[in-house]
Amino acid sequence: MSIEEKLQQAVANIVEQLYNSKIEAKNIQVNITRKDQNGDYTVVVFPLLKISKKSPDVTGQEIGQALVEKVSEVAQFEVIKGFLNLTLSKEYWAGILAAAAANADYGFNHAKADAPLVMIEYSSPNTNKPLHLGHIRNNLLGYSLSRLIEVNGNRVVKTNIVNDRGIHICKSMLAWLKWGNGCTPKSLNQKGDHLVGDYYVKFDKEYKAELKQLQERGLSEEEAEEKSLLMQEARQMLVKWEAGDKQVRDLWKKMNSWVYEGFDETYALLGVDFDKIYYESNTYKEGKELVLKGLEEGKFYREADGSVWADLTAEGLDKKILLRKDGTSVYMTQDIGTAKLRFRDYPIDKMIYVVGNEQNYHFQVLSILLDRIGFKWGKELVHYSYGMVELPEGKMKSREGTVVDADDLIQDMIDTAREMSKEQGKLDGYTIAEAENVFRILALGALKYFILKVDPKKTMTFNPKESIDFNGNTGPFVQYAYARIQSVLRKAADAGYQVPTTATANELDDKEIQLLRHIEQFPIVVAEAGKVYSPALVANFAYDIAKEYNQFYHDFSILKETNEQKRANRLLISKTVAQVIKNALWILGIEVPERM
């Protein structure tokens, strides 16, 4: 039972005893006390006045006095304008510190064998282009979410669905055939996903040139698109692929293998992974089978041109195509097939799709269709919708080649970390290898933190230079707080000071208790973040506790403190704050440097 719950129950009992009237504990309002007032927790008295039939001050005084007498954790109280502010005992805070210090996994609730199984899909790249900044936000959100859900007592399976088929893939393949002259990643000394992406851009460039020529001959935009020979070739290639044409399939396998090697390098650099990868080339047939079965059972219907549709008007939506008139699949059909294979492979209790907010309608429809087909989790699937990520210069467009490549961005971040660290002299005395590893940790910490600290629903602007600043709400700021504590602990060990396992309660002062309030809140923040699927809550908590510790470090001496018990308390608090920061950053997928 948390302290808030204990206080709620105690107040409910006291109200019954004092005023002979029952109230449910959950209806007692207990909040963290405002920073501009004294106390740790505040009981809101106003809702109790109908029961007490007394003024706010008198009611607060009576309940406060009873709490001091009956609840050992409550040391004193103060009533201010109908708010009962409670100050908890130093013994309570010493207990919080001891419990946190004794548990390296403090704040984590690990899953039992029979815990719910949550599957999380993220990344979902296309094999016609390399990963870009938008994919980075997707991957970081998905990976962090998997850890957040895991430490809230669930079993987790991380999955990826690779969009390895469709007209967009054929565009890259056709462009390579026409203009690639047999080039390979090896012959160009280029990552395979970059090579294939270049030919996707090449197709769009040639296609636009063709449309321009057709329109100059007097055709409308729609007529030009219909007459485009290039697009017709791409569509014919897709039909051949679905028919299993050996030549097309061999080319497809070769170019996709180039892309997968490139993806794996980027995933490793980004520090994300998957338990299972699905490929749409395997799932679309499963989806077609389920759609055709649903057609037989009257769940779907066929139009005169042969296309198959779902009527969702009864659910307040419109009609959705599931199979085109030529029999080829759409994304919805592929998602249905992927769901079938996943449910076959795992006993899923909840399915979470990490996909941008431009697909909100798609997942509304998918949820209804999966439920209609018979997947027990279909109706309750979670679309973890997030906003787009932009640069200060504006939006990115894959077809026009104006995206920010993930590999280039990560390398730029490492270069920036190197430059800024050298300017500030933070890594003087390091070997080259040690320094480069810290640059990597700082760069990825900056990138991940800057993206994850933002409410995922919001469109965000990523500013590389701002993200890696050692001051302000940034990853390096939090990482530096951790490294600073490690430096303090190393110096303490060199001086022969041992870090105790418990604190001396009566030597705790207000600033130290302020840090202990943050430590106490960490498990609560993790639980709340898990409920609302928000890594941002954990990120901003990490910044708050790092900022609080930095102020403490500035205001109080630790190693030079002459009072042995105070020094021991401060060392234990420092060590515990470092562990809490490390645990918070672990949820975000961020490493911590031991030295900076």
Side-chain angles (χ1 to χ4, degrees), residues 130-141 143-144 191 265-273 389-393 396 403-454 460-487 490 535-536 538-540 542-543 545-547 549-550 553 578 581-582 584-596:
L131 302 178
H132 55 63
L133 179 54
H135 289 115
I136 286 180
R137 189 177 198 192
N138 180 295
N139 278 278
L140 297 184
L141 283 170
Y143 190 72
S144 178
K191 278 186 75 200
E265 285 183 43
T266 307
Y267 288 139
L269 191 56
L270 202 53
V272 302
D273 57 25
V389 56
E390 300 174 359
L391 290 169
E393 297 80 21
M396 305 177 292
V403 299
V404 177
D405 179 81
D407 299 312
D408 292 344
L409 176 62
I410 293 170
Q411 188 56 55
D412 286 347
M413 293 291 293
I414 293 172
D415 292 341
T416 303
R418 184 185 299 110
E419 176 188 330
M420 295 183 72
S421 296
K422 285 181 177 178
E423 282 178 7
Q424 298 185 31
K426 287 189 178 295
L427 300 181
D428 294 344
Y430 277 51
T431 67
I432 292 175
E434 288 171 339
E436 286 298 322
N437 187 49
V438 174
F439 299 148
R440 179 191 62 81
I441 290 173
L442 288 175
L444 288 169
L447 174 63
K448 294 178 180 184
Y449 184 88
F450 199 87
I451 285 176
L452 293 173
K453 73 176 182 178
V454 178
M460 67 168 292
T461 300
F462 178 70
N463 187 320
K465 196 82 172 177
E466 183 183 333
S467 73
I468 210 160
D469 195 341
F470 285 94
N471 299 304
N473 190 0
T474 67
F477 176 86
V478 181
Q479 289 170 313
Y480 184 60
Y482 175 86
R484 167 179 272 169
I485 294 173
Q486 299 314 304
S487 175
R490 284 192 296 271
V538 178
N540 286 288
Y543 170 67
I545 194 171
K547 183 172 66 172
Y549 182 84
N550 282 351
Y553 180 86
I581 288 174
K582 186 175 184 178
L585 294 183
W586 183 88
I587 292 173
L588 305 177
I590 296 175
E591 297 175 71
V592 286
E594 295 299 317
R595 295 171 57 213
M596 269 178 70

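Keep in mind that this is a model prediction, so the values were computed, not measured. We're numbering straight along the sequence, starting at 1.
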Who are the salt bridge (charged side-chain N to carboxylate O under 4.0 Å, His left out) partners of Asp273, not counting sequence neighbours? Lys158
Please answer whether the main-chain N or O of Asp412 pairs with a side-chain N or O of Thr416 as donor and acceptor at a distance below 3.5 Å. yes
Has Glu434 got a side-chain atom pairing as donor or acceptor with Arg595's backbone, closer than 3.5 angstrom? no
Locate the shortest heavy-atom distance separating Ile468 from Ala417; write the atom from each residue and the value. CD1-CB, 3.3 Å
With heavy-atom distances below 4.5 Å as the criterion, would you say the side chains of Phe470 and Leu442 are in contact? yes
In Å, rounded to the nearest 0.5 Å, how long is the span from OG1 of Thr461 to CZ of Phe450? 8.0 Å
Between Ala578 and Gln486 the two heavy atoms that sit nearest each other are CB-NE2, 3.4 Å
My understanding is that only residues two or more places apart in sequence, or in another chain, count here; which of them pass side-chain hydrogen bond (donor to acceptor under 3.5 Å, both in side chains) with Asn550? Arg484
Smallest heavy-atom separation, Ala446 atom then Ser467 atom, equals CB-O, 3.4 Å
How long is the straight-line distance from OG1 of Thr266 back to NZ of Lys191, given to the nearest 0.5 Å? 3.0 Å
Distance (rounded to the nearest 0.5 Å) between Glu390 CD and Arg137 CZ: 10.0 Å
Inspect the contact between Glu591 and Arg440 and indicate whether a charged nitrogen and a carboxylate oxygen are less than 4.0 angstrom apart. yes
Check whether any side-chain heavy atom of Leu588 sits under 4.5 Å from a side-chain heavy atom of Lys448, and report yes or no. no
side-chain hydrogen bond (donor to acceptor under 3.5 Å, both in side chains) with Gln411: which residues, sequence neighbours excluded? Asp415
Leu133 side, atom CG; Phe462 side, atom CZ - distance, nearest 0.5 Å: 6.5 Å
Tell me whether Tyr449 contacts the main-chain N or O of Ala539 through its side chain, where contact means a donor paired with an acceptor under 3.5 Å. yes
Within the structure provided, determine whether Ile587 and Ser144 are in side-chain contact (heavy-atom separation under 4.5 Å). yes
Return the CG to CG distance between Asn473 and Asn540, rounded to the nearest 0.5 Å. 5.0 Å
Working for side chain to side chain contact (heavy atoms under 4.5 Å, CB included), residues Tyr267 and Asn139: CA-CA 9 Å; Tyr267 288 139; Asn139 278 278; 3.4 Å; yes
Quick one: closest heavy-atom pair of Phe477 and Asn471, and the distance? CD1-CA, 4.1 Å
How long is the gap from CG on Leu444 to CD1 on Ile414, to the nearest 0.5 Å? 6.0 Å
Side chain to side chain contact (heavy atoms under 4.5 Å, CB included) between Val592 and Val478, worked out: CA-CA 9 Å; Val592 286; Val478 181; over 6 Å; no
Any side-chain heavy atom of Val404 within less than 4.5 Å of one from His132? no
Provide the closest heavy-atom pair for Leu447 versus Met413 in the form atom of the first, atom of the second, distance. N-CE, 3.7 Å
Closest non-hydrogen contact found for Met596 with Ala483 is CB-CB, 3.8 Å
